[in-house]
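Structure first, then comments.
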Amino acid sequence: SPSSSSSSSTFLWLSVVFLLVVLFSSARVNAETEEKGKLPKSPEQLAEWIVTDFPQASACVLLLHSKGQSGCFGEISKVPLRYFSSASADEDESKPSVVIVRENEVAAFFEKLADESETSFVKGLKGALIVRSGDGSSDDEGRAPPHFSPAARFPHANFAPYANKKYAWNPMGLDLIKTDRALPPMYVLGEKESEDFRKVGQWNERKGYKYPQYVADLNTQMLASKDKNSFECLDKSNCLPLGGYSVLSTLPSTQTQSQYAAEKKGDAPKECVLVLAQTGNSNVFHGLNKGAESSLSGLIASAAAYEVIAKAFAASSASAPKRNLLFGFVGNEGYGLAGSRRMVHALNSNANAVGKCSWDDVSYVVEVGSVGLAREAKDFFLHMTSDSQPSNASVFDFFQTAAKNSEGGIAVHEPSGTPGIPPSSLMSFQDVVLDGDQEVKKSIPGSVFTDFNQTLRNKYLSSYMDDGKNVNMPSILAASELIARALYMVAHNSSAEPLDIDRKSLNATVYGLAECLFTSDPGMQCSLVQQVTDSYLSDVSLYPGVMPFPIKNEQNPNDKTDFVRFVWNFLATRSEGLPKLDELADAVPCNYPSGKLKCPGKNEVCARWRSKEKGSNGRCVNATVEYVPAWSQLLTYDIQSGKWNVNGTADTIEDEIWTESYWPVYTPSASVYLTEGYAYEMVLFFAGLGSTLVWFGLMRRANSHIAKQMKQW
């Protein structure tokens, strides 16, 4: 019949279309196999060739603060991949794309992203995948850019104790850490992932960015994406505050002070000098938050100096110091100087003096800043506050004398042409409002020891590129010796007090700490970490993490990061100044507070406990060492509602109150895959739909025809 003929022809036409689509798709798969040079051995391998996931990629996620949003959020699907260089050269920059950013292009990419006049580029940008350095090919793909700093030109300028808030300590800063707007989804690929991913970018480039090409699905959905700031997201339980801990320890130890008293060398001093080093850093990609030059260089130099001074204090020939040295390794500093501001609050709480020192006991602050890039590993600078010239002059003299007594022709200079102290934890100790009286502000004089004069030598501040390749180890070694000598003089308030340093031991400590903190292999699996604590991690991250709720016992190590626990145990096991750590094996065993076996001595703490070993493998040591919370004291936790609250409003508080958004399960995620494009998929869809409808019609006709035939029987 005519209708039957029409249906048959329609079915035939749709079948031909469907067959052509299948053949075209097969041709694309064949092209892919030709690209690989071989055929897939299994369906799984074929899927790997066409779809690529990035489980090791580090995502930029959404953070919030008291004034707005920062970081990234969003979800995109099937957006074409283009090299950043191609997207920038295109006349129509607003064309939707996920840009592939070679590592040598990272600075240029973020500069364009930060430029508010680049509205066309920002409008078309749906996401970014940053490819790590390759083999240094002819196109310079393997080279890092000469500079890349997402930090502000003046980090933490709002806490500066002087009027010039526009001074450019970090001239190359892009001001992408504390922003009032979030960025689209962005990921830094792992090194192995980057190596495999280059073929994807090259495929699209050779195809002229025409289909068939690779597209990306990026997912960084954030529950707090609609919240304006930390106050809103905390109220809606869409985020958690950034937390972390600082670690403090006092020298000389209680045992050493008892030894001085027994030998009638002097009474225990009341006056304290606070020695600071940062253990916190900010980063757009906080999974890669290393901070090698900005934070870890000062930490390593300070920790090594701590060990040297502890041994010197414990030596039988040592005279009693006139000042305690309170070492503070400050966490969560990259996010509004939260750790040092909390430390000020703790010192001002006389009922809870830190390390036997209260605010009134601290006469001076010495901060060890970035020291890993000193010119020729010789030239250092001491930036001083202007409120106490006699103290500054005395401390500066001690540092100059220490430089003369150190090896290698080291020099300490007084900075010139700067408005005051650089961005540092010391800022938190200036113009402090005590006892809630806004009219009464007090400051503690101090200085910041650094490797720079007028501007930072670190070209990668707050960048994932601030890693072990960005420091000069001889510079850190020179700084550690100079700091140890200078602080020993400060403690005795005399430049005539000699300090004998075992340079071989100092060298081993500095390079040993660098191996643990700068590298991935061995990283935290190094012997220096494993002999005092345990960790299953490789890379160190200075990201403070979030606080679900505060624990009752702040000294319990179970909620601390492996890195913070290592710092605590390193200080505790060195506090007594033992010549060799092997001597701890004979100390009293313990496992508290992880277990119930406490140390018998009043001034003893349980150090070196490791979960990998059975039994009470910790050892009791005489040390004044403790954890101090590194989040704002304005944060309070309501047990009944299970929510964090802020005592104040965005207009009335100075603390920045950084938080991290919650996100759904399986987020963040990133994958790329080969596709024929929207038009092809629509043809395929309608071809399949048409075939289905025709088959459905034919089956109904066949069923009707069979039913009629059955009735005739």
Side-chain angles (χ1 to χ4, degrees), residues 149 151 155 169-170 247 275-283 288-308 327-331 333-334 339-340 366-383 399 403 406 408 410 412 422-426 447-453 455-484 486-487 506-520 523-524 526 528 539-542 563 566-567 570:
S149 176
W169 289 100
N170 181 34
V247 181
V275 183
L276 300 177
Q278 295 187 5
T279 62
N281 188 52
S282 58
N283 198 316
L288 300 173
N289 200 340
K290 182 72 74 173
E293 158 67 354
S294 60
S295 298
L296 289 181
S297 63
L299 179 148
I300 291 173
S302 301
Y306 178 97
E307 184 179 57
V308 170
F327 283 77
F329 295 85
V330 194
E333 284 296 87
S340 56
V366 176
E367 179 171 354
V368 183
S370 53
V371 295
L373 293 172
R375 188 175 65 86
E376 297 181 358
K378 295 180 180 180
D379 290 329
F380 296 93
F381 297 85
L382 196 66
H383 303 258
F399 269 86
S406 300
I410 301 173
V412 177
S424 57
S425 301
L426 180 58
S447 55
V448 185
F449 180 74
T450 72
D451 55 15
F452 61 87
N453 180 11
T455 59
L456 298 175
R457 295 181 64 84
N458 183 8
K459 304 303 181 184
Y460 304 109
L461 180 66
S462 295
S463 159
Y464 73 90
M465 296 180 186
D466 188 10
D467 55 17
K469 300 175 184 176
N470 190 41
V471 294
N472 181 13
M473 287 306 302
S475 177
I476 300 177
L477 181 62
S480 63
E481 180 180 350
L482 193 156
I483 292 164
L487 291 178
L506 176 64
N507 186 83
T509 299
V510 169
Y511 278 86
L513 286 170
E515 181 185 46
C516 301
L517 305 181
F518 288 160
T519 69
S520 300
M524 291 288 281
C526 67
L528 206 57
D539 284 301
V540 164
S541 174
L542 299 188
F563 171 62
F566 165 63
V567 173
F570 179 91

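No experiment lies behind these values; they were computed from the predicted model shown. The residues of the chain are indexed from 1 along the displayed sequence.
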Test your reading of the model: is there a side-chain donor-acceptor pair from [X] to the backbone of [Y], 3.5 Å cut-off?
{"X": "T519", "Y": "G523", "answer": "yes"}
{"X": "S424", "Y": "P422", "answer": "yes"}
{"X": "N289", "Y": "N281", "answer": "yes"}
{"X": "E333", "Y": "Q278", "answer": "no"}
{"X": "R457", "Y": "F452", "answer": "no"}
{"X": "S149", "Y": "L461", "answer": "yes"}

Side-chain contact test, heavy atoms from C-beta onward, threshold under 4.5 Å: evaluate it for [X] versus [Y] and give yes or no.
{"X": "D467", "Y": "L288", "answer": "no"}
{"X": "V308", "Y": "L506", "answer": "yes"}
{"X": "V275", "Y": "F329", "answer": "no"}
{"X": "L299", "Y": "L517", "answer": "yes"}
{"X": "T279", "Y": "S295", "answer": "no"}
{"X": "R375", "Y": "D451", "answer": "no"}
{"X": "S541", "Y": "F563", "answer": "no"}
{"X": "L296", "Y": "K290", "answer": "yes"}

Within this structure, what is the [atom1]-[atom2] distance for the pair [X] and [Y], rounded to the nearest 0.5 Å?
{"X": "N283", "Y": "L542", "atom1": "CG", "atom2": "CG", "result": "9.5 Å"}
{"X": "I300", "Y": "E515", "atom1": "CD1", "atom2": "CD", "result": "11.0 Å"}
{"X": "S302", "Y": "E367", "atom1": "OG", "atom2": "CD", "result": "9.0 Å"}
{"X": "S297", "Y": "L513", "atom1": "OG", "atom2": "CG", "result": "12.5 Å"}
{"X": "S370", "Y": "E293", "atom1": "OG", "atom2": "CD", "result": "4.5 Å"}

- Item | CA sep, side-chain torsions, deciding dist, call: S462, S282, side-chain hydrogen bond (donor to acceptor under 3.5 Å, both in side chains) | CA-CA 5 Å; S462 295; S282 58; 2.9 Å; yes
Shortest non-hydrogen contact from [X] toward [Y]:
{"X": "V371", "Y": "A301", "value": "CG2-CB, 4.1 Å"}
{"X": "A377", "Y": "P474", "value": "CB-C, 3.9 Å"}
{"X": "G298", "Y": "A277", "value": "O-CB, 3.9 Å"}
{"X": "N453", "Y": "W169", "value": "O-CZ3, 3.7 Å"}
{"X": "L373", "Y": "N470", "value": "CD2-O, 3.3 Å"}
{"X": "F518", "Y": "A292", "value": "CE2-CB, 3.6 Å"}

- Message: Is the ring pair F381/H383 parallel, tilted or perpendicular, if the boundaries are 30 and 60 degrees?
- Response: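 Tilted.
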- Query: Under 3.5 Å, is there a donor-acceptor pair between the D466 and S294 side chains?
  - Reply: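 There is such a pair (donor and acceptor under 3.5 Å, judged by atom type) between the side chains of D466 and S294.
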- Show your reasoning for whether side-chain contact (heavy atoms from CB on, under 4.5 Å) applies to N507 and L477. CA-CA 7 Å; N507 186 83; L477 181 62; 3.4 Å; yes
- Item | Ring centers of F449, F399 separated by less than 6.0 Å |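 Close enough - the centres of the two rings lie under 6.0 Å apart.
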- I would like to know whether F327 and L487 meet side-chain contact (heavy atoms from CB on, under 4.5 Å); could you show each step before the answer? CA-CA 11 Å; F327 283 77; L487 291 178; 4.0 Å; yes
- Pair T450-F380, side-chain contact (heavy atoms from CB on, under 4.5 Å): steps then yes or no: CA-CA 6 Å; T450 72; F380 296 93; over 6 Å; no
- Task: Let me see the working for V540 and M524 under side-chain contact (heavy atoms from CB on, under 4.5 Å), right down to the final yes or no.
- Result: CA-CA 7 Å; V540 164; M524 291 288 281; 3.4 Å; yes
